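Since we're looking at a predicted model, the values are computed, not measured. Each chain gets a letter, A, B and so on, in the order the sequences are listed, and its residues count up from 1. What's counted below: heavy atoms across the whole structure, side chains too, no hydrogens, waters or symmetry copies.
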Amino acid sequence: MTFENPAAFYWLALLPFLVLVRLFRRPPRALVVPSLALWLDVLAIRSRRRWREILSAAIALFLQCLLVGSLVLAHSRPHYGRAIPHRPERGDLAILVDASASMSAVEADGETRLEKARSSISRLARLALPAERVTVVACGDAPVVLARQAESAAEVDAALQELDILPGTADLARSLAIVRALYRDRTLRVVVLTDAAGETGESLARALAAEPADVQVRTIGTALPNSGLAGVRAERRWGENDLHLFLEVSSSEAAGVLPVHVRYDGKDELLAAHPGERVHVVLDPGDATSLEVRLANGDALAADDSARLAIPPPRRVRVWLVSPGGRPDPFLVDALGVQADRIDGEGSRRLALADWSNDLLQPGDLAIFDRCHPPAPPERGASIFLDPAALETFFAIGPGPAAEGRVELIGRHPLLASLALESLHVAALRSFDAPPELAPIARAGTVPLLLVRETPLARSAYLSFALADSNLPALADFPLLVRNLLVWADALRPAPAAEGALVGSPESDLAPRPLPAGMSRFAPLYREEDEPYLPLWPPFLAAGIAFAVVELAYHLAREARR
Amino acid sequence: MKSPLDPALLARLQRLDLAVGKILGGEIGGRRESVGRGSGTEFLEHRSYAPGDDLRYVDWNAYGRLGELYVKQFTAEERLHLVLFVDTSPSMDFGRHNKLARARELAACLGFVALRRLDRVTLVSLGAPETPPATFCGRAGAADLLRETFSLGTGIGPPRAGAVRRTLASLPRRPATILLSDLLERACATPDMAGEERAGLLRDLAARSVQATCLHLVDPSEENPSGLGRFRLIDAESGRGAVGTLDARTLALYRERFRRHLAEVHRDALAAHVRYVRVSTRDEPDEVVLSTFRRAGVVQ
């Protein structure tokens, strides 16, 4: 048995006073009577009943002691089970309840963990009130304050009607920080109700480690066998229609292989996944816009058994086509037109060099300078220079004899993927000394034909001849080269939608979200069940009231006998 | 001196007389009819002349009509001696309407009535042995009687039968006596002893009086006491104390005991041939004298 208000036992100090008052009654008052003789006769009769009065007084004292004892015990708020710290001063109790999807797991008694949490909150509130005001915060991706500084159990109960599963993982750390900020200067006690599943436990552990707080964590839920999707991620690489699907499953049991169904575009593919291992499959999504992954196990927590992904569309690059007077080479325009599925037609623009500014170039954009160039090369982004030597250049390409000879490809640069260029002829080729930051990847004799410059923030490719001076536009390799240029330039853009579904979300159409590196971890074993809690003060209070009634009746009976 | 009694009451008292009947052996000179014949003013009868009779009493008219000498005889008028025993013991100094104060008023009334009839009145304070009895005669003594009566203070002890006996023995003739007392018992070893002392007092009173009257003064607060709780009860006369808890049951027992005490006093008075009149101090003196005493035959 635990006492929530042990200070109440100080009231037991009343008992000695009660006895002392009985023992040391005030001296009798003096009363002068005309004749004591008559009184002595009467008192002699009464003294024969003296023992009954002594016994009666002893019984009354005993009843009063029982009355005080019972009330003190009731006031000490005894209960059987978990101890709850007592706060004699009026402070605030913030109850953070995990509203993540795992709380929808159905326990053996048919109640969900959320329903158990509701009961716990109601009980905690009744224990805390009126000494503390109660704030209830439901923790999802964003905390939701259901009740703020409620002063009655009815307020808390009304707020609990609104408690439901929230999207996302319970960010208890953020909720804790918010609550502590709200009650910065107040006495605050925090009780966290969570099943401590998934990232919730980690988040809480981080929060507790970061800031020591008066936080009591109570776990909800029994240890149930569970297996679920630990992480799912879909990735569509640039220029590819294929979809790369990564998934990982976890299980509390020593399960061998778990069957995973992947449904998209009317197909249903069955995968075998080992718990703890990442599965990587490449799918052809076709025209599908979404994909559903389902783990067929039928355990208590259904929420972590399925996930739905929105399939990212193929990415397109925005092209800035800069030329003198805004009139680019028609061969180039034709070649870009072939790559319409890779080029953002709405965002792309043709510009005259006079209208160009390097600030227009954003990550993921591609600037093609046809026979022109800005005063300084862009320090960020991807850019391609076609025959920059035709004008004054920001790097020296000196005049020289026209190069002739066979085109030689240097290395296996991505720009040269699938290219042969053996039949390329350039009419007016000028040799020059390439600066060291430019790396030639194709040349004819000693004259570089194609040079590249790659820095962490910028990529540039230089075609040292004019398209019109060569037969390149007529070659079948030209569209391939343009495609390679687009792909190579686009590599600077941040990784394409590396998106995954939130594991455990009951919402099937949730926007996918990135998974952390190494995928999410999943704590499959739930902690032990709540300790039982049995309040014992009501019987003591009832006993106190009963003793009071008996004492009163006994007193009245004594008076009546007198 | 201004009288402590209401003048209207005094005026009404002048029309009253003590009801003692015809007296025998009283003093000559009063206004009260004696059983013997004497030289009073009230004609009684004729008798035949005998040698030696005073010729002044011969009825010469009768001699003229009848030719025989007859002598007129008159009633003798004597003076009554009234002894007022006023209990001044501490127990009398008690009550919402103080018993001693009421006894003083009643004694003054009765003494005044007696003096108006030219009787002799002796005032004795029982409970104050050092105070000598005071005797008053005639109407001129009324003022002194009133002054002396109202100057009676609380004594130091209970009325003793010996004091009554000594006082009455010192008188040459048997007087009429009136005892004004609460007749409460002293705290004796046994109730029988206390009762015997009281009965002895009443017997002595009756044996040496032509007419003994006991005016038993009772205060409502001693008849029906109030107050609950633990008390140290202190005897007003002896100063003895006893601790007791007064509750409803105890008070009921006391009331029952007090009623028995009243009955015992009445019984003792009847047994001693003493006229017994119970007087409640709640009643005003004029009501007592004019109503209660008349009904009881103390005055007429």
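- Nearest approach of B:R240 to A:L40, heavy atoms of both residues: NH2-CD1, 4.0 Å.
- Separating the OG atom in A:S35 from the CD atom in B:E222 is a distance of 9.0 Å, to the nearest 0.5 Å.
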task: Applying side chain to side chain contact (heavy atoms under 4.5 Å, CB included), run through A:L43 and B:L233 and close with a yes or a no.
output: CA-CA 10 Å; A:L43 295 178; B:L233 305 173; 3.8 Å; yes
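- The minimum heavy-atom distance linking A:P34 with B:D235 is given by the pair O-OD1, 4.0 Å.
- The two residues A:P28 and B:V243 come nearest to each other via the heavy atoms CG-CG1, 4.0 Å.
- Shown here is B:R282, whose CZ atom has no more than 12 heavy atoms of other residues, nucleotides or ligands within 6.0 Å.
- Minimum heavy-atom separation, B:F231 to A:L31: CD2-CB, 3.8 Å.
- Sparse packing is recorded around CZ of A:F62, with 12 or fewer heavy atoms of other residues, nucleotides or ligands lying under 6.0 Å away.
- To the nearest 0.5 Å, atom CG of residue B:L246 and atom CH2 of residue A:W39 are 5.0 Å apart.
- Closest of all the heavy-atom pairs between A:A30 and B:I234 is CB-CD1, 4.0 Å.
- Distance check: B:R260 CZ to A:L38 CG gives 9.0 Å after rounding to the nearest 0.5 Å.
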